[in-house]
Amino acid sequence: EQVEGECTKYKKYCFLSAVRAMCAKTCQMHPKDCGTLSQNVALIAGKNQGKVGACYPPDIANGVVEVGADGMVAHGARLKITCDEGYTLVGEENYCVIQNLFGPDSRLLQECVKTGDESWTGKGGDYIGVQTTTNLDTLCSNTKKAAAQGIIGNKVPVEFGRAALQGSNHNYC
């Protein structure tokens, strides 16, 4: 808007992207959120522009997510995670979609898991090794991924699926 107050009568329509483009001050748009002239003309012309925006960095236990100068992860950028010493990054690579949504599946964010040697005591409850195949040479399952994708099976109790979603995102066994 060129003259302060010229958009006052449109304030109630600030939820429309075209009004925000033309009346940035009245709609209290941050200058960083205002597009270029050609982007604003596209908005006014009604061209469909997909929702884009930066993401808040997710909390990764035992790790740090690299962010930009604004403290955010850029739209489309892959998460760059550095794990603390003694921890290993596991899981499928994630990227920023918008706000706190990450692709390919926000429920399956990468994690920093503690890994150790192949020793254990008793029944193995303290095992933190990195074997990914069973004694029968079959690949260990990522139970969190299976639960998120709904492929655990219909004979498995619901409580198991819920517990699997709270587990770690890896296929160590």
Side-chain angles (χ1 to χ4, degrees), residues 15 17 20 27-36 39 48-173:
F15 64 92
S17 55
R20 285 194 311 270
C27 293
Q28 298 178 337
M29 297 289 293
H30 189 280
K32 283 175 48 178
D33 293 332
C34 296
T36 64
Q39 289 170 326
N48 187 7
Q49 306 244 338
K51 302 276 187 216
V52 297
C55 293
Y56 300 106
D59 290 327
I60 304 292
N62 307 304
V64 176
V65 178
E66 184 179 309
V67 296
D70 59 356
M72 303 289 280
V73 178
H75 170 73
R78 70 177 182 85
L79 290 182
K80 295 178 186 168
I81 303 168
T82 304
C83 295
D84 297 342
E85 190 172 329
Y87 290 83
T88 302
L89 186 64
V90 296
E92 203 174 325
E93 192 171 82
N94 302 108
Y95 57 90
C96 167
V97 177
I98 190 170
Q99 281 187 333
N100 62 347
L101 297 176
F102 299 90
D105 189 336
S106 290
R107 299 169 298 173
L108 299 172
L109 288 178
Q110 293 171 282
E111 299 177 15
C112 294
V113 297
K114 187 166 185 63
T115 53
D117 57 25
E118 297 301 310
S119 63
W120 69 85
T121 59
K123 294 183 179 181
D126 58 347
Y127 172 75
I128 54 171
V130 293
Q131 292 298 314
T132 57
T133 55
T134 67
N135 291 339
L136 300 174
D137 205 32
T138 58
L139 191 62
C140 300
S141 295
N142 179 334
T143 53
K144 186 172 188 173
K145 186 173 185 177
Q149 293 176 343
I151 55 174
I152 288 184
N154 59 2
K155 295 188 192 265
V156 176
V158 171
E159 295 78 25
F160 178 81
R162 288 183 181 145
L165 283 171
Q166 300 305 312
S168 291
N169 185 18
H170 61 74
N171 68 326
Y172 297 149
C173 56

| Which residues satisfy the side-chain contact (heavy atoms from CB on, under 4.5 Å) test with P57, sequence neighbours excluded? | V65, V67, V73
| said: For L79 and Y95: C-alpha separation, side-chain torsions, deciding distance, then whether side chain to side chain contact (heavy atoms under 4.5 Å, CB included) applies. | reply: CA-CA 5 Å; L79 290 182; Y95 57 90; over 6 Å; no
| H75 side chain to C55 backbone, donor-acceptor under 3.5 Å | no
| field | N/O donor-acceptor pair under 3.5 Å between N94 side chain and Q110 backbone | value | yes
| message | Please report the interatomic distance CD1(I60) to CD1(I81), rounded to the nearest 0.5 Å. | response | 4.5 Å
| request: Output every pair passing salt bridge (Lys or Arg N to Asp or Glu O under 4.0 Å) with a member in residues 96-109, not counting sequence neighbours, ordered by first then second residue. | output: D105-R107
| I98 vs C96 side-chain heavy atoms within contact, under 4.5 Å | no
| query | Can you name the side chain to side chain donor-acceptor pair (under 3.5 Å) partners of S106, sequence neighbours left out? | reply | none
| said: Working to the nearest 0.5 angstrom, can you tell me the gap between K80 NZ and T82 OG1? | reply: 10.0 Å
| note | Minimal heavy-atom distance between P58 and L109, with the atoms involved, is CB-CD1, 3.8 Å
| query | Looking at residues at least two apart in the chain, or sitting in another chain, which of them share a side-chain contact (heavy atoms from CB on, under 4.5 Å) with V113? | reply | V90, E111, T115, S168, H170, Y172
| query | Which residue pairs satisfy the disulfide bond (SG atoms under 2.5 Å apart) criterion with at least one member in residues 61-90, sequence neighbours excluded? | reply | C83-C112
| Got a sec, which residues hit side-chain contact (heavy atoms from CB on, under 4.5 Å) with A74, two or more places apart in sequence or on another chain? | A77
| query | Can you pull the salt bridge (Lys or Arg N to Asp or Glu O under 4.0 Å) pairs that have at least one residue in residues 53-64, sequence neighbours excluded? | reply | none
| field | salt bridge (Lys or Arg N to Asp or Glu O under 4.0 Å): pairs with one or both residues in residues 91-100, sequence neighbours excluded | value | R78-E93, E92-K145
| said: Among residues at least two apart in sequence or on other chains, which ones pass side chain to side chain donor-acceptor pair (under 3.5 Å) with T134? | reply: T138
| request: Sequence neighbours left out, what passes salt bridge (charged side-chain N to carboxylate O under 4.0 Å, His left out) with D84? Give chain and number order. | output: none
| said: Within this structure, what is the OH-CD distance for the pair Y56 and Q99, rounded to the nearest 0.5 Å? | reply: 5.5 Å
